[in-house]
Amino acid sequence: MSVLVYTESENGKLKKNAAEVASYAYEVAQQMNTTATAVAINTEDSASIGDYGISKVLNVTAENLKPFNAKAYAHVLKQAADKEGAKVIILSSSTDAKYLAPILTALLKGGYVPNVVAAPESTSPFKVKRTVFSNKGFAHTELKSDIKIIGVSNNSFGNIENKTTANAEDFSPSLDENIFGTTSVDIDKVVGKATIADADIVVSGGRGLKGPENWGMIEELAEVLGAATACSKPVSDLGWRPHGEHVGQTGKPVATNLYIAIGISGAIQHLAGVSASKVKVVINSDPEAPFFKAADYGVVGDAFEVVPKLIEKLKEFKSQST
Amino acid sequence: MHSILKFNEYLSCDSKKTDLKKTIYMKILVCISNVPDTTSKINFTDGNSKFDTNGVQFVINPNDEFGLTRAMWFKEKQGATVHVATVGGPTTEPTIRKALAIGADEAIRVNAEPLDGFFVAEQLAAVIKDGAYDLVIAGRESIDYNGGMVPGILATLLDMNFVNSCISLEIEGDKATAVREIDGGKEKLTTTLPLVIGGQKGLVSESDLKIPNMRGIMMARQKKLHVVEPVDANSTTEDLTFDKPAPKGSIKMVDADNLDELINLLHNEAKVI
Ligand SMILES: Cc1cc2nc3c(=O)[nH]c(=O)nc-3n(C[C@H](O)[C@H](O)[C@H](O)COP(=O)(O)OP(=O)(O)OC[C@H]3O[C@@H](n4cnc5c(N)ncnc54)[C@H](O)[C@@H]3O)c2cc1C
Ligand SMILES: Nc1ncnc2c1ncn2[C@@H]1O[C@H](COP(=O)(O)O)[C@@H](O)[C@H]1O
């Protein structure tokens, strides 16, 4: 009857979001008077998830599960849920988790609620709070099905330590070759750089930066802060930056601790996608830019003067604080 | 699914694939969800239990618009019949008429309020079984409830292959090459028809999006819009109430000549650096 959580990994190591989903699973388990079990696929350091209240880990080690395959992973989780008799399954909001969640939902004939931002309001009936209308509203949603699948919104619940020992158990699901359905032929991914999905800080540039040649200072600012870079929609439409950096209602959602918007006007579609970020800083030359109404801190000024100065000041600050 | 199987068997056992491509057209279904325009003010009514549609303009879900445009590309370049389907009441008809005006050949409306993603997927699965589609193009998510679950559930119910967050799709015979977005990059996948994709921006370029012209709008009036009744299905989730985010507290302005203050605020007050 335990609560099941899928802890994602990359190159054999738990991903950053594993701690948050584990913390969430432990909270749900507490509410339901049971324990939380993690499923870790090809993960060497899965035992460390015990730090977040997980008392058991099902370790799956299989060559054919490298790289990620949504359908196969959904089958792994289904079999794990069957084995554990789990009625509640916790997933993250990563692109991979959002890919496999509906497959798992259909396999288990369950209910799935994504974008959940808080611990369940009650577990019987099972009610959660999630964002809707691209962060312009919240819904309080009841899961009526026997099996409940929850997608936890990035950075919404936090990492909560509860040190226990995660008892490791090997788990070998049976996976027929023909269930994979798709074959990965190439992965093109930036390495060693924070991504919009998992960064604590995102530095984002808009059309106010005039052209792609001016992104050097955006990248430098991001580097000083250990941040990911992002952009507004027109910037990617114009080809100044790759599409993967486009954030907003029709792009990637951003839910970081700090979002710095430079030369971005703050159109409603942009704000919808980034408003889940905890703290927003706006740098814009126009004091009337709508973004100032939606931000926490603002600087009115020319980005080409403000940003280089900010980089210098931050470098000083970083060198003092380390 | 009869004709899909025939189509696939035909291609895999025949060497003259190129000839066949000319004669056998793909059948594509584009799933369209009817959503509030991106500039809509979001309000709730009836004791916060319902979305307030008052004064809201409804449009084709942006992710579906990319998918529809890609479907038109297949139709023009490789030959395909393109149908669109929506699950919704009569008020959704202007939105599907727009899809017909953009160039879809026929439309299907399942006459039911979309209760939740599972319910909608069951309805669309029935439509797809009936129509024997080779390719189903849905969107990564609807921008209203942001569920992102219809295409994946649908694909699984029908045992069709599935690629989500799809930003590029090429089809050759019964083989498909797709690119999906991943966190921090992209992944190229190969798969086979019948296939469901959850599409998004990137599937076609922004400048290829079509605005219906007068001729398209006139032609759309002649096209078939089938209204079908829903199949029996349950919803597994229910939105009980809604609320809106608390209004933002006032912003703190920092002088451009005093960036030390900004760093101080971010470090000591907001505690984010
Ligand atoms: C269906 C639909 C979906 C959309 N989805 C999205 C989405 O997901 N994401 C998104 O971002 N947009 C989206 N948009 C577009 C959105 O409406 C805006 O057009 C867009 O966000 C504007 O981008 P921007 O702020 O970079 O450019 P602009 O609106 O041109 O703003 C540039 C800003 O830079 C400032 N500026 C100029 N020079 C300087 C300088 N030297 N220093 C500092 N500041 C300067 C200006 O004052 C201005 O505020 C969507 C639109 C539609 C219709
Ligand atoms: N009511 C509906 N009718 C037809 N297609 C839908 C409907 N709802 C969702 N879809 C399709 O499923 C995709 C994902 O929607 P959702 O799961 O609601 O986020 C949409 O982009 C549509 O392609």
Check: Are any of the side-chain nitrogens in B:D116 or A:K144 under 4.0 Å away from the carboxylate oxygens of its partner?
Finding: no
Next item on the list: Check each of A:T141, A:T105, A:I149 against B:T237 using the side-chain contact (heavy atoms from CB on, under 4.5 Å) test, and report the only one that passes.
Entry: A:T141
Checklist line | chain A interface, residue from B:I153, B:L262, B:I182 that has the most non-hydrogen pairs under 4.5 Å | finding: B:I153
Margin query: Between A:I187 and chain B, with a heavy-atom cut-off of 4.5 Å, which part of the residue counts as in contact: side chain, backbone, both or neither?
Written below: both
Check: For B:N234, does the CG atom have more than 12 heavy-atom neighbours from other residues, nucleotides or ligands under 6.0 Å away?
Finding: no
Notebook entry, point to check: Could you walk me through whether A:V306 and B:L259 pass the side-chain contact (heavy atoms from CB on, under 4.5 Å) check?
Noted result: CA-CA 8 Å; A:V306 175; B:L259 294 173; 4.1 Å; yes
Notebook entry, point to check: Under 6.0 Å from the CG atom of B:N268, do we count more than 12 heavy atoms belonging to anything else shown?
Noted result: yes
Check: Do B:F242 and A:H140 have their ring centres less than 6.0 Å from each other?
Finding: no
Notebook entry, point to check: Among B:I251, B:N164, B:T156, B:T191, which has the most heavy-atom pairs under 4.5 Å with chain A?
Noted result: B:I251
Check: Side chain, backbone, both or neither: which part of A:F68 has a non-hydrogen atom closer than 4.5 Å to chain B?
Finding: both
Margin query: Report which part of A:A70 has an atom under 4.5 Å of a heavy atom belonging to chain B: side chain, backbone, both, or neither.
Written below: neither
Margin query: If we define contacts as heavy-atom pairs under 4.5 Å, which of A:I201, A:V185, A:V300, A:T195 has the most with chain B?
Written below: A:V185
Next item on the list: Output yes when a side-chain donor or acceptor of B:D183 lies under 3.5 Å from a complementary backbone atom of A:S94, and no otherwise.
Entry: no
Item checked: Under 4.5 Å from any heavy atom of chain B - which part of A:K193 -> neither
Item checked: When A:E312, A:K148, A:H246, A:K71 are compared by non-hydrogen pairs under 4.5 Å with chain B, the top option -> A:H246
Item checked: Engaged part of A:L225 at the chain B interface, taking heavy atoms whose separation is under 4.5 Å -> side chain
Note to self: Strictly distance-based, threshold 3.5 Å: is any side-chain N or O of A:N115 a donor or acceptor partner for the main-chain N or O of B:N146?
What the structure shows: yes
Check: Would you say the side-chain atoms of B:E187 and A:S184 include a donor-acceptor pair closer than 3.5 Å?
Finding: yes
Check: Salt-bridged, A:R130 to B:D239, with N to O below 4.0 Å?
Finding: yes
Note to self: Show the nearest heavy-atom pair for residues B:T236 and A:G111, with the distance to one decimal.
What the structure shows: OG1-CA, 3.3 Å
Checklist line | B:K201 with A:D237: basic N within carboxylate O range, under 4.0 Å | finding: yes
Next item on the list: In plain terms, say whether B:D144 and A:K136 are close enough for a salt bridge, that is, a side-chain N and a carboxylate O under 4.0 Å apart.
Entry: no
Checklist line | Per-residue contact mode, A:A101 against chain B (heavy atom under 4.5 angstrom) | finding: neither
Note to self: Distance alone, cut at 3.5 Å: any donor-acceptor contact between the side chains of A:Y297 and B:E269?
What the structure shows: yes
Check: Is A:D296 salt-bridged to B:K252, going by a charged N under 4.0 Å from an acidic O?
Finding: no
Notebook entry, point to check: So, the side chain of A:Y99 versus the backbone of B:F162: is there a donor-acceptor pair under 3.5 Å, distance only?
Noted result: yes
Checklist line | Interchain contact, A:V191 with chain B, by part (heavy-atom threshold 4.5 Å) | finding: neither
Next item on the list: Against chain B, label A:K233 side chain, backbone, both or neither, depending on which of its atoms sit under 4.5 Å from a heavy atom there.
Entry: both
Margin query: Can you tell me which portion of A:V279 sits under 4.5 Å from chain B's heavy atoms? Options are side chain, backbone, both or neither.
Written below: side chain
Checklist line | Contacting region of A:D200 [heavy-atom separation from chain B under 4.5 Å] | finding: neither
Checklist line | Under 4.5 Å from any heavy atom of chain A - which part of B:P245 | finding: both
Notebook entry, point to check: Between B:I143, B:D260, B:T190, B:V272, which has the largest tally of heavy atom pairs under 4.5 Å with chain A?
Noted result: B:T190
Checklist line | Between A:I268, A:V282, A:I103, the one whose heavy-atom pairs under 4.5 Å with chain B are most numerous | finding: A:I103
Next item on the list: Looking only at non-hydrogen atoms, find the nearest pair between A:P102 and B:G148 and report the distance.
Entry: CG-O, 3.8 Å
Checklist line | A:N257 portion near chain B, given a 4.5 angstrom heavy-atom threshold | finding: both
Next item on the list: Flag the pair A:F317 / B:I273 as yes when at least one side-chain heavy-atom distance between them is below 4.5 Å, and no otherwise.
Entry: yes
Next item on the list: Could you tell me whether B:K188 and A:D188 have a side-chain N and a carboxylate O separated by less than 4.0 Å?
Entry: no
Checklist line | Atom group of A:A294 that falls short of 4.5 Å from chain B, counting heavy atoms | finding: backbone
Notebook entry, point to check: Crowded around A:N178 CG? As in, over 12 foreign heavy atoms under 6.0 Å?
Noted result: yes
